[in-house]
There are 2 protein chains.
Amino acid sequence: MTQATRRERLRAETERDIRRQARALLVNHGREAVTLRAIAREVGITAPALYRYYDSREDLLRHLCDDICHDLEAELYAALAPLGEDAGHEQVYAVCRGFRRWALAHPQEFSLVFASPENVIGSVGPEDLLKVGDQFGKVFLEVASRLIAKHDHPHGEEVAEPPEVLHNDLRAFQQVMIRTVTARGVQVDEESLHLGAIFHILQAWVRLYGHVALEVFGRFPLAVSDPEPMFDAMLASLLVPMGIEE
Amino acid sequence: MTQATRRERLRAETERDIRRQARALLVNHGREAVTLRAIAREVGITAPALYRYYDSREDLLRHLCDDICHDLEAELYAALAPLGEDAGHEQVYAVCRGFRRWALAHPQEFSLVFASPENVIGSVGPEDLLKVGDQFGKVFLEVASRLIAKHDHPHGEEVAEPPEVLHNDLRAFQQVMIRTVTARGVQVDEESLHLGAIFHILQAWVRLYGHVALEVFGRFPLAVSDPEPMFDAMLASLLVPMGIEE
DNA sequence: CCACTTGGTAAACACCGTTCACTAAACTGG
DNA sequence: CCAGTTTAGTGAACGGTGTTTACCAAGTGG
C-alpha cells in the first residue's frame with residue numbers, strides 16, 4: 001500500500017492546520033498565546049485531541065521551532081538564488097543581511113527559537129552535530145565554509161591557530177561541515193577547510209548571531225533611531241579581515 | 001515623623017521577603033515557577049495579598065530584573081575593588097570576565113533580564129537614557145569609557161568616524177556616559193570621549209554581550225567541551241585592536 | 001464481517017492571574 | 001481617648017491553563 005489512506009491524508013492535513021494555527025498565534029500574540037486550547041479552538045477540535053499529534057505543548061513548540069528554522073533556511077536560499085555560484089563574497093553578505101532582515105521581520109519566531117532550551121527533534125547522534133543549539137546558523141556556516149575552502153584566504157593572511165583545547169571539538173565540527181558542503185556539490189577537504197578556518201567561521205557566526213539577537217531583543221544600551229549602520233559596521237569589521245569584501 | 005511606623009517596617013520586611021522568595025523560585029525552578037501562588041505560599045500569605053505590593057505579576061518580575069541588575073553591578077564592582085584606579089586595562093578585562101562568569105553562574109537570572117521586553121521601572125526621561133534596554137552593560141560601559149578617555153588610544157590608532165546617521169544618537173549617549181564617568185570622580189569631556197570612541201565602546205559591548213548571551217542560551221552551533229578559550233579569543237580580538245592589552 | 005486502530009469528546013484534576021467585597025488591625029488627628 | 005481612615009490580608013469567584021482518562025465512533029485491514 002503506497003497510496004495514503006484517507007485517514008492518513010486527513011491526519012496530515014490536520015497536523016498542517018495545527019502547525020499553521022499555532023504559528024499564527026505565535027506571530028500575532030507571542031509565545032504565551034500559543035496555548036493548546038487556543039490552537040484547538042482555531043482548528044475546531046478540543047485541546048485533548050492535540051495529544052493525538054503531539055506528546056505535550058513543549059513537543060508542539062519544538063516542532064514549531066523546526067518549522068521556523070526551515071522557513072529561515074528557505075528564505076536565505078531564495079535570497080542566494082539570484083547570485084551565481086562564483087559570487088561567494090556576495091553570498092556571505094547576502095546571508096548575513098538576510099538573516100538580520102528575517103529576524104527583525106519575525107521577532108516572535110526568532111525569540112521562540114533562541115530562547116528554547118532544546119530544539120532538537122528526535123535523538124542526537126554523531127551524525128547530527130550540526131543540530132546542536134539551533135539551525136539558524138546552517139546556511140551561513142555552509143556558505144562561509146564553501147567560500148573559505150575555495151579561496152583559502154585571498155589576502156594570504158595567516159590565521160591564528162585555534163586554542164589547543166578546542167581541537168577535538170573543532171575537528172568533529174570540521175567533519176560535519178566538510179560533509180555538508182560536499183553534499184552540495186563542492187569538494188572540500190581538511191586542508192582547504194582547516195581548523196583555523198573553521199574556528200574563524202565559528203567566531204564570525206557567534207558575532208553575527210549575537211549582534212542580531214541583541215537587536216531583536218532590544219538589548220542595545222541606547223535608543224538607536226537607525227540600527228542598520230551599526231549592523232553594517234559590524235559586518236565590515238567582521239568580514240573584511242577575513243578577506244571577504246563586498 | 002521621620003521614624004518609620006511599625007506598619008512601614010513590616011511592609012518593607014514583607015516586600016523583601018516576597019522578592020527573596022521570588023528570586024529563589026526563579027533560580028531553582030525557572031521563570032515559569034515564579035507564580036504568584038508559589039511566592040505567596042513561601043511568604044505565608046495568599047496570592048491576592050501580593051497585589052498590595054505589586055500591580056501585577058509582570059510588575060513583580062520587573063522589580064526582580066532590577067534586583068538582578070543591581071546584584072550584577074555589585075559583583076562587578078567587587079571584582080574591581082582589588083585593582084587600582086590606574087589599572088584600567090585590567091579593569092576592563094576583569095569586567096568582561098566577571099560578566100561572563102556571573103552570567104554562566106546565574107543562567108535563570110540572566111535569561112529573565114535578557115528576554116524581558118521592558119525592564120525599566122518608572123518613567124524614562126532624558127536623564128535615563130542609560131536605562132534603555134537593560135542595565136547589564138552599565139559597569140562595562142563606565143570602565144571602558146573611563147579608560148579610553150584617560151588614554152585616548154595609546155597606540156595612536158585612528159578610529160573610524162561613526163556613520164553619520166548615528167551621530168545624534170551617539171551624542172545623546174555620549175552625554176550620558178560623560179555624566180556617569182564624571183560622577184565617579186574622573187573628568188572627561190567630549191574631546192577625550194569623542195563620538196568615535198563612544199561608537200567603538202558600544203560595538204565592543206554588543207559583541208561581548210552577544211557572545212555571552214549565545215553561550216548562556218546554548219546557541220553555539222557545536223558542542224564545546226570548554227568554551228572559555230573561545231571567550232578569551234573573542235576578548236583578545238575585541239580589546240587588543242582597541243589598545244587594551246592585558 | 002470483525003478485531004483493532006485511530007481521532008475526537010467530555011469530565012475531571014490541579015494549577016494559573018486577577019478582581020472584589022469584606023474584616024480586622026494599625027494609624028491619624030481632633 | 002475615640003472616630004474615621006488607611007492598609008494588609010482573606011475567601012470567593014471568574015476565566016483561563018496543561019494534562020489525563022474513559023468512552024464512543026469512524027476507519028482500516030485481514
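The basis for the numbers below is simple: all heavy atoms, side chains too, and nothing from hydrogens, waters or symmetry mates. The shown structure was predicted, so the numbers you read here are calculated from the model rather than taken from an experiment. In what follows, chains carry the letters A, B, and so on, assigned in the order in which the sequence lines appear, proteins first and then strands, with residues in each chain numbered from 1.
Of the inter-residue distances, the one linking B/Leu61 atom CG with B/Ile68 atom CD1 reads 9.0 Å to the nearest 0.5 angstrom.
In this structure, A/Glu8 atom CD and C/dT5 atom C1' are separated by 12 Å, rounded to whole Å. Nucleotide D/dG18 holds its C1' atom 6 Å from the CG atom of A/Leu36, rounded to whole Å. For the pair B/Asp55 CG and C/dG17 P, the computed distance is 16 Å after rounding to whole Å. Atom C1' of nucleotide D/dT19 and atom CD1 of A/Ile39 are separated by 14 Å, given to the nearest angstrom. The nearest whole Å value for the distance from the OH atom in A/Tyr51 to the P atom in C/dA10 is 17 Å. For the pair B/Leu60 CG and C/dT18 P, the interatomic distance rounds to 10 Å; values are reported in whole Å. Here C/dT18 presents its C1' atom at 14 Å from CG of B/Asp59, a figure rounded to the nearest Å. Atom CZ of A/Arg41 and atom C1' of D/dG16 are 9 Å apart (whole Å).
Here the two rings, on B/Tyr209 and B/Phe114, have centers that are under 6.0 Å apart. Aromatic rings of A/Phe220 and B/Phe173 (six-membered ring for Trp) have centroids beyond the 6.0 Å cut-off, not under it.
One N or O donor and one acceptor, one from the side chain of A/Arg37 and one from the base of D/dG18, sit under 3.5 Å apart.
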Atom pairs under 3.5 Å, N or O on each side, protein against nucleotides 9-11 of chain D: can you list them with distances?
from	atom 1	to	atom 2	distance (Å)
D/dG9	OP2	B/Tyr53	OH	2.6
D/dG9	N7	B/Arg52	NE	3.2
D/dG9	N7	B/Arg52	NH2	3.4
D/dG9	O6	B/Arg52	NH2	2.7
D/dT10	OP2	B/Thr46	N	2.6
D/dT10	OP2	B/Thr46	OG1	2.9

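The phosphate of C/dA26 has OP1 or OP2 within less than 4.0 Å of a side-chain N or O from B/Arg6. Neither OP1 nor OP2 of C/dC16 sits under 4.0 Å from any side-chain N or O of B/Arg57.
Aromatic ring orientation, B/Trp102 versus B/Phe136: perpendicular (interplanar angle above 60°, classes split at 30° and 60°).
Considering only side-chain atoms of B/Arg7, the nucleotide from C/dA26, C/dT18, D/dT20 that sits closest is C/dA26. Side-chain proximity of A/Arg11 to the nucleotides C/dG7, C/dT19, D/dT20 is greatest for C/dG7.
Within 6.0 Å of atom NE2 in B/His167, more than 12 heavy atoms from other residues, nucleotides or ligands are found, so the atom counts as buried in its surroundings.
Salt-bridge formation is detected for the pair A/Arg19/A/Glu15: a Lys NZ or Arg NE/NH1/NH2 atom is positioned less than 4.0 Å from an Asp or Glu carboxylate oxygen.
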Practice prompt. Evaluate salt bridge (charged side-chain N to carboxylate O under 4.0 Å, His left out) for A/Arg20 paired with A/Glu42, printing each intermediate quantity in order.
Written response: CA-CA 10 Å; A/Arg20 188 167 50 229; A/Glu42 296 295 328; over 6 Å; no
